[in-house]
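Note sheet for the following structure.
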Protein chains: 2
Amino acid sequence: MYPGVVARRKDPAVRTQLIERAAHMLRTREPITLRSLVAGTSMSTMAVYTHFGGMDGMWKALRQEGFTRLGARLAQVTPSADPVRDLTALVTAYLGNALDHPDLYRVMFDANFDLEDAQAADDTLEYLVQAAERGRRAGRYRADTNPLELATQSWAVAHGLVSLVATGPLPRPTLAHGPLLLTALFTATGDDPDRCRQSVEQGWQPGLADD
Amino acid sequence: MYPGVVARRKDPAVRTQLIERAAHMLRTREPITLRSLVAGTSMSTMAVYTHFGGMDGMWKALRQEGFTRLGARLAQVTPSADPVRDLTALVTAYLGNALDHPDLYRVMFDANFDLEDAQAADDTLEYLVQAAERGRRAGRYRADTNPLELATQSWAVAHGLVSLVATGPLPRPTLAHGPLLLTALFTATGDDPDRCRQSVEQGWQPGLADD
DNA sequence: ATACATAACATAGCTGTGCTATGTTTTGAT
DNA sequence: ATCAAAACATAGCACAGCTATGTTATGTAT
């Protein structure tokens, strides 16, 4: 007998190729089907099943990839001395990501969320929570402010705006309401109105409502 | 010859039956396919093509139906002497509709909006615009308030919250953030903070964050 | 080096999808 | 009663995702 015999292993590169190709096809608006996904490549349809268990698993992995890219974008927001500005910048980065990859953004929130995806969403939310926490410690928000709640509220505002614009009926300039909404939220959470307006304006990167 | 001969007409009842059945299947989470939609009825698959031109047209009509039902629900909010309460009540009705019919709500905002759907969305938004306009005339908001903008902002807040809850990763109690967000928005638009809080609390119908 | 159990991979065919083609029936103004 | 037109019924098409089955590559133990 050969007891410890172990079989051929999955090639992680194949998995990576598949989701990157899927993301690219999503961006170029090509229909993503089992066969179209592997057409022209050296991979066969079975690769989708060995690596994802089927097309549903592939879409799930693609959602995960979307959250990973979103996280990378949020990570690029470097914390400054002004945590209110930072939270605004994070929201702006969130909007920018959704506008740059509207189809991927839709896929991320389209499907029935399962536990794994919810965790991915929570992970990106954590960036906002940290900024909210720093704002509370800096005395910008009331002492009894719950950072998770403020982060969730900011997220809801951002998601509402951008989903109505990126994949909804509202025109792009509607995003210009972002600063007002964020200022209203942060002010209601305890920040000084004038100071808040300045911080939000500094954190609100240009290139969203324009072009 | 028989020049003015006119052919058989479409039976509106068939169209109604189809979309009502589709709405029911959506609610009961049955997969909606061309064949499953007409299975067990006296209608054939061709009915979908004569009345909607295909499944895409059926989905479009279903979206329209969703907006019609939303409009009916918003129409049930009877204006009171307090327009801020009324706007809150409209937002609450919007949330209630989405929570009662989450799958229909998703269909409404899922697909690529075309002109017709955008018009339907605008029509329901008009309810909010009217309430905002009355609030401005009543002196609750600043005189330079744009009712359409305030309505849009209220909509964005409501949509962000409810889409993250009804079809997203956030738990239902997250909706309890609604009053704070609305109060923040209305206060930023000029309403007196204390008075606003009261109005929002009166307009915020129970039975949302609970059960 | 060789054997071989295992799983990745390749291919063909299955069911079910929306849609179209074609024939039949119903309609309603003449 | 006539008959053109459109609604309706049926069958079959291409393509979707998936599964069954045979083949190949792999990595450990001999």
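Every heavy atom of this structure was used, including side-chain atoms; hydrogens, water molecules and symmetry mates were not.
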_Whole-Å gap separating P (C/dT27) and CG (B/Asp11)_ = 10 Å

*Give the intermediate values and the outcome of side-chain hydrogen bond (donor to acceptor under 3.5 Å, both in side chains) for residues B/Thr189 and B/Arg140.*
CA-CA 9 Å; B/Thr189 313; B/Arg140 296 292 292 270; over 6 Å; no

*In residues 17-31 of chain A, which ones come under 4.0 Å of DNA chain D, going by heavy atoms?*
none

Every protein N/O within reach of nucleotides 14-16 of chain D N/O, cut-off under 3.5 Å:
residue	atom	partner	partner atom	Å
D/dA16	OP1	A/Thr33	OG1	3.4

*asked:* Strictly below 4.0 Å, N to O, side chains only: are A/Asp144 and A/Arg136 in salt-bridge contact?
replied: no

*So which heavy atom on B/Phe67 is nearest to which on B/Thr124, and how close?*
O-CG2, 3.6 Å

*Side-chain (A/Thr187) to main-chain (A/Ala184) donor-acceptor, under 3.5 angstrom*: no

*Run the ring-centre check on B/Phe109 versus B/His159 and record whether the distance is less than 6.0 Å.*
yes

Listed pairs, N/O of protein and of nucleotides 23-25 of chain D, under 3.5 Å:
residue	atom	partner	partner atom	Å
D/dA25	O4'	A/Arg8	NH1	3.4

_Pairs touching residues 29-41 of chain B that satisfy salt bridge (Lys or Arg N to Asp or Glu O under 4.0 Å), sequence neighbours left out_ = B/Arg29-B/Asp103

*asked:* Under a 3.5 Å distance rule, please check whether B/Asp86 uses its side chain to pair with a backbone N or O of B/Ser80 as donor and acceptor.
replied: yes

_How close do A/Glu133 and A/Pro147 get, counting heavy atoms only, and between which atoms?_
OE1-CG, 3.1 Å

_Distance check needed: C/dT27 P versus B/Arg9 CZ, whole Å only._
12 Å

*Passes side chain to side chain contact (heavy atoms under 4.5 Å, CB included), B/Leu99 versus B/Arg172? Steps please.*
CA-CA 9 Å; B/Leu99 290 172; B/Arg172 194 163 169 139; 4.0 Å; yes

*Among residues two or more places apart or on two chains, list those pairs meeting salt bridge (Lys or Arg N to Asp or Glu O under 4.0 Å) that have a residue in residues 43-69 of chain A.*
A/Lys60-A/Asp114, A/Lys60-A/Glu116, A/Arg63-A/Asp117, A/Glu65-A/Arg69

*Hey, mind stepping through B/Glu149 and B/Gln153 against side-chain hydrogen bond (donor to acceptor under 3.5 Å, both in side chains) and telling me if it holds?*
CA-CA 6 Å; B/Glu149 289 189 0; B/Gln153 289 155 0; 4.7 Å; no

*With rounding to the nearest 0.5 Å, note down the distance linking CD in B/Gln17 to CG in B/Leu37.*
10.5 Å

*Quick one, which residues of residues 44-54 of chain A touch DNA chain C with a heavy atom under 4.0 Å?*
A/Ser44, A/Thr45, A/Met46, A/Thr50, A/His51

*Donor-acceptor pair, side chain of B/Lys10 and main chain of B/His51, under 3.5 angstrom*: no

